[in-house]
Amino acid sequence: MTHEELAALPTTTTIETAARALGLGRTRAYQLARENRFPCKVIRIGTTYRVITVDLQRRLATDTNS
């Protein structure tokens with residue numbers, strides 16, 4: 001996922017999009033979210049998981065600065 005694509009994301013995004021940005025597979029991303037171990041803030045709304053985009057961007061910035 002490019003920097004421009006990340007910057008264009010809405011306030012929250014799907015767990016699939018966040019997983020792609022983090023280099024995770026879809027199945028692993030859902031597993032981590034269910035276990036409350038996803039590397040970013042996740043909100044569950046019914047059966048849907050949403051990731052806070054600013055938290056995703058912070059995580060990616062931290063990963064690239066390390």
Side-chain angles (χ1 to χ4, degrees):
M1 183 169 263
T2 66
H3 178 70
E4 291 77 22
E5 288 173 320
L6 282 171
L9 290 174
T11 305
T12 63
T13 191
T14 65
I15 199 154
E16 291 94 348
T17 300
R20 185 167 51 107
L22 292 166
L24 296 171
R26 181 182 180 276
T27 302
R28 181 70 173 144
Y30 277 102
Q31 178 186 8
L32 291 172
R34 280 191 306 274
E35 297 170 355
N36 293 319
R37 295 179 32 215
F38 197 79
C40 302
K41 173 78 174 161
V42 175
I43 299 172
R44 185 165 181 192
I45 304 167
T47 59
T48 304
Y49 290 96
R50 300 294 292 182
V51 176
I52 307 298
T53 301
V54 71
D55 196 42
L56 173 63
Q57 291 167 337
R58 280 188 200 126
R59 174 60 189 234
L60 291 169
T62 301
D63 287 349
T64 58
N65 291 331
S66 297

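Start at 1 with the first residue, then count along the sequence. In what follows, every heavy atom counts, from backbone to side chain, and hydrogens, waters and symmetry copies are set aside.
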How many angstroms lie between CD1 in Ile52 and NZ in Lys41, if you round to the nearest 0.5 Å?
7.0 Å
Quick check for you: to the nearest 0.5 Å, what is the distance between Arg50 atom CZ and Thr14 atom OG1?
6.0 Å
Please check: side-chain N/O of Thr53 versus main-chain N/O of Pro10, any donor-acceptor pairing under 3.5 Å?
yes
Shortest non-hydrogen separation from Ala21 to Leu6 and the atoms involved:
CB-CD2, 4.1 Å
Taking every non-hydrogen atom, the tightest pair across Pro39 and Arg59
CB-NH1, 3.6 Å
Side chain to side chain donor-acceptor pair (under 3.5 Å) between Gln31 and Arg28: does it pass, once the steps are laid out?
CA-CA 5 Å; Gln31 178 186 8; Arg28 181 70 173 144; 3.1 Å; yes
Assigning hydrophobic clusters by single linkage (Ile, Leu, Val, Met, Phe, Trp, Tyr; side-chain heavy-atom cutoff under 4.5 Å), is Ile45 placed with Val54?
yes
Are Val51 and Thr17 side-chain neighbours, meaning at least one heavy-atom pair lies under 4.5 Å?
no
CG of Leu22 to CD1 of Ile15: how many Å apart, nearest 0.5 Å?
9.5 Å
Determine yes or no for a side-chain-to-main-chain donor-acceptor pair under 3.5 angstrom, with Arg44 supplying the side chain and Gly46 the backbone.
yes
Do you know which two heavy atoms are closest between Gly25 and Ala19, and how far apart they sit?
O-CB, 4.2 Å
Val42 versus Ala33, closest heavy-atom pair with distance:
CG1-CB, 4.5 Å
When hydrophobic residues are tied together by side-chain contacts of less than 4.5 Å, even through go-betweens, does Leu32 share a cluster with Ile43?
no
